[in-house]
Amino acid sequence: MTPAIEVRDLVKRYRKGTTNAVDGVTFDVEPGQFFALLGPNGAGKTTTIAILTTTLTPTSGTVRISGHDVVREASMVRNQVGIIFQNPSLDMNLTGEENVRIHAILYHLYPYRPLYRLMPGAYRHQLRELADVVGLGADVFKPVKRLSGGMQRKLEIIRGLMHHPRVLFLDEPTSGLDTVSRRNLWQYIGELRRRHDITICLTTHQLNEAEEADRVCILDHGHVVALGTPRDVKGQLVHDRLYLDADDRAALRRRLLEMKVSFNEEGAFVVDLDGLTAHQVIRAIDEPLTMLRTESPTLEDAYLRILAAGDA
Ligand code: ADP
């Protein structure tokens, strides 16, 4: 199967740069996958996405979107991708629908008509359908400046989807949105993937949003420092932890030492479950416990660990 995104040895050096902003990056994204590109500021995420969406040319290496080369077949690639960027690029003086119409015409999707009601039925149908799915409804006809931040983001999504892209790039899509709008947006994006088998490429600082990704790629200083499922990335670096405490702390400490498990005392005893199950540890303890809970690492724990290792 042709990957939705194929990146090979990608290098980008800006003209005035002394180092490579992107320095030998390689990854694949399968069709229909939800892929998250993570990394601290300056890691090279924006540069990578700009190359993948044809707004920047690579210094070397190859990138293909649905099999099309981003340099030699740029217009084919543009037809395959939808882009929803962090900074809204909507025309505030027009209505939501007018913004969508201009985009549809630029993409040669429909002939231009000066009024919505004169536009082809297929356009009107598609617009209403997308407006309903994102929950914008008839508000799509309001001037953009009267829409809230969340509504403007929804409008961008409608616009980004009019040409039925196969790959959707989302750059910090939920920044500036409240919790409810954020959750709605993710529900909608999930719906899109299920219904239309769209590949999603996300960049975000909200690591919890990447927990749901099929695969994550962590960039640092232009390099890939971790690539895999969130579970793999976490599993390589951080283990589940078991929190325990007992009235007889000395006895519990002795027991843990006998078991040769790795633990520390942060108020309670925190056992690093390196390959052990919580059950195996608890079974070996006779002392009555006053506290018992397990904690699984988050992607954020792994992320911080990876980046700290890089700086060391
Ligand atoms: P991120 O999106 O992960 O924050 P960027 O891709 O924006 O990272 O930046 C990667 C590196 O490239 C940074 O060191 C940044 O300073 C540099 N950079 C970004 N844009 C330019 C530019 N137009 N000219 C020169 N250097 C740039």
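Residue numbers run from 1 in the order of the sequence given. Counting convention: from 1, in listed order, for ligands and their atoms alike. None of the values given here were measured: they were computed from a predicted structure.
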**Q.** Proximity flag Pro40 to ligand 1, non-hydrogen atoms under 4.0 Å
**A.** yes

Q: Assess whether atom CZ of Arg183 is packed by more than 12 heavy atoms of other residues, nucleotides or ligands within 6.0 Å.
A: no

(Q) Can you tell me if Asp247 has over 12 outside heavy atoms packed within less than 6.0 Å of its CG? (A) no

Q.
Under a 4.0 angstrom heavy-atom cut-off, which atoms of ligand 1 come close to Lys45?
A. 1 (P), 2 (O), 3 (O), 4 (O), 6 (O), 8 (O)

**Q.** ILVMFWY network linking Val11 to Val63, side-chain heavy atoms under 4.5 angstrom
**A.** no

Q. Is the closest protein non-hydrogen atom to atom 12 (O) of ligand 1 under 4.0 Å?
A. yes

Q) So, does Gly44 sit close enough to ligand 1 that a heavy atom of it is under 4.0 Å from the ligand? A) yes

Q) What's the shortest distance from atom 6 (O) of ligand 1 to any protein heavy atom, and which residue and atom give it? A) Thr47 OG1, 2.5 Å

(Q) I'd like to know if the side chain of Glu30 and the backbone of Ala4 have a donor-acceptor N/O pair within less than 3.5 Å. (A) no

Q.
Just to confirm my output: which protein heavy-atom neighbour is closest to atom 7 (O) of ligand 1, and how far is it?
A. Thr46 CB, 3.7 Å

Q: State the atoms of ligand 1, each with its element, that fall below the 4.0 Å cut-off from a heavy-atom position in Asn41.
A: 4 (O)

Q: Report yes or no: does Arg13 contribute a side-chain atom to a donor-acceptor pair with the main-chain N or O of Thr18 at less than 3.5 Å?
A: yes

Q. Mind checking whether His103 and His163 have parallel, tilted or perpendicular rings, split at 30° and 60°?
A. tilted

Q. Of the protein's non-hydrogen atoms, which lies at the shortest distance from atom 15 (C) of ligand 1, and what is that distance?
A. Gly42 CA, 5.0 Å

Q. Less than 6.0 Å separating the ring centroids of Tyr243 and Phe269?
A. no

Q) Among all protein non-hydrogen atoms, which one is nearest to atom 24 (N) of ligand 1, and what is the separation to 0.1 Å? A) Tyr14 CG, 3.4 Å

